[in-house]
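Heads up, the thing below is written out as structure tokens.
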Amino acid sequence: MNRRELLAGLGSAGALAGAGSLLRVGPPSFGADGPEMSDGDESLEVETIDARGSEAGTVRVPTDAVALVTFFVTGCGNCRAQIPELAAARDRLRERRGDAVRFVAATYQRPETLSPAALREWWATHGGDWAVGYDAGLAEAYGVVGYPITILVDPNGEKRWHETAVLDRETIVRDVDAELEVEDSDGDRGEGPSDETTGGSTASRIGGSRP
């Protein structure tokens with residue numbers, strides 16, 4: 001069974017996201033260096049569209065910056081709630097960090113069922129203003145199932161954290177800042193994330209208590 005077939009039958013995914021459960025994990029199962037990468041590997045790309053803050057083409061992960069990638073579907077209420085929080089967090093991080101963080105949003109849906117025009121309208125309605133498009137296999141490469149899910153990937157391709165929840169803007173800024181501080185102080189990333197920067201943090205859920 002491939003990833004999209006699995007997602008099509010995953011009736012519990014919305015309930016999982018709605019419960020605000022949090023997964024804070026280390027590197028995915030393929031090892032500390034992230035997925036095996038090659039220059040032509042389309043599975044590590046998002047097929048971006050022409051939309052507000054986004055250009056038609058592809059965005060490859062990892063990038064030369066820390067990448068914050070959110071996976072969503074347009075019919076998900078929690079996904080709709082997540083986009084404005086990400087937008088506010090992005091504005092704050094850009095003021096303080098410039099281009100140190102690359103935001104990317106990827107839908108599991110395909111152009112055959114969600115046209116670029118419909119995705120563009122949804123994106124603008126909910127305040128998106130950065131690269132957005134269709135997942136080409138990135139979720140599978142990083143062990144992502146469900147929505148909304150946000151992962152942070154360092155420039156070496158290592159997944160630093162993985163969260164299933166509607167994250168508020170303060171949580172996003174705090175956790176990304178913590179990772180950037182690690183990047184600044186430990187450029188070779190030879191050691192795994194410390195408890196202070198990843199394992200000890202808990203995400204807030206919009207309109208509810210901490211999980």
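Residues: numbered from 1 along the sequence shown.
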query: Could you go step by step and tell me if L68 and R90 meet the side chain to side chain contact (heavy atoms under 4.5 Å, CB included) rule?
result: CA-CA 10 Å; L68 191 76; R90 178 174 175 269; over 6 Å; no

- prompt: If you look at every heavy atom in K159 and I151, which pair is closest and at what distance?
  reply: CD-CG2, 3.9 Å

message: Give me the atom names and distance for the closest heavy-atom approach of A89 to F103.
response: C-CZ, 4.5 Å

- prompt: Is there a donor-acceptor pair closer than 3.5 Å between any side-chain N or O of T48 and the backbone N or O of E55?
  reply: yes

- line: Shortest non-hydrogen pair, I83 vs G127, comes out as CG2-C, 4.0 Å

task: Ignoring hydrogens and angles, tell me if any N or O in the side chain of T58 forms a donor-acceptor pair with the backbone of E47 under 3.5 Å.
output: no

task: Check R120 against I49 and note the closest heavy-atom contact, atom names and distance.
output: N-CD1, 3.8 Å

- request: Hey, could you give me the OG1/CG distance between T63 and L44, rounded to the nearest 0.5 Å?
  value: 12.5 Å

message: Check this for me: R94, atom CZ, are more than 12 non-hydrogen atoms of other residues, nucleotides or ligands nearer than 6.0 Å?
response: no

message: To check you understand the geometry: which heavy-atom pair defines the closest contact between N78 and P148, and what is its length?
response: CB-CD, 3.7 Å

query: Does any N or O in the side chain of R110 come within less than 3.5 Å of the main-chain N or O of D135, such that one atom is a donor and the other an acceptor?
result: yes

Expected output: side-chain Y134 to main-chain L114 donor-acceptor under 3.5 Å: yes

message: Taking D177 first and then R97, would you say they form a salt bridge - that is, a charged N and a carboxylate O separated by under 4.0 Å?
response: yes

task: Can you measure from NE2 (H126) to CZ (F72) and round to the nearest 0.5 angstrom?
output: 10.0 Å

task: Please state whether the rings of W130 and W123 are parallel, tilted or perpendicular, taking 30° and 60° as the class boundaries.
output: perpendicular

- request: Using a 4.5 Å cut-off on heavy atoms from C-beta on, say whether the side chain of D154 contacts that of P62.
  value: no

- request: Answer with yes or no whether the side chains of T70 and T150 bring together a donor and an acceptor at under 3.5 Å.
  value: yes

message: Treating W122 as the side-chain partner and T74 as the backbone partner, does any N or O pair qualify as donor plus acceptor under 3.5 Å?
response: yes

field: Distance-minimising heavy-atom pair for P84 and A81
entry: CD-O, 3.3 Å

field: Partner residues of E121 under the side-chain contact (heavy atoms from CB on, under 4.5 Å) criterion, sequence neighbours left out
entry: T125

message: Please check: side-chain N/O of Q82 versus main-chain N/O of L167, any donor-acceptor pairing under 3.5 Å?
response: yes

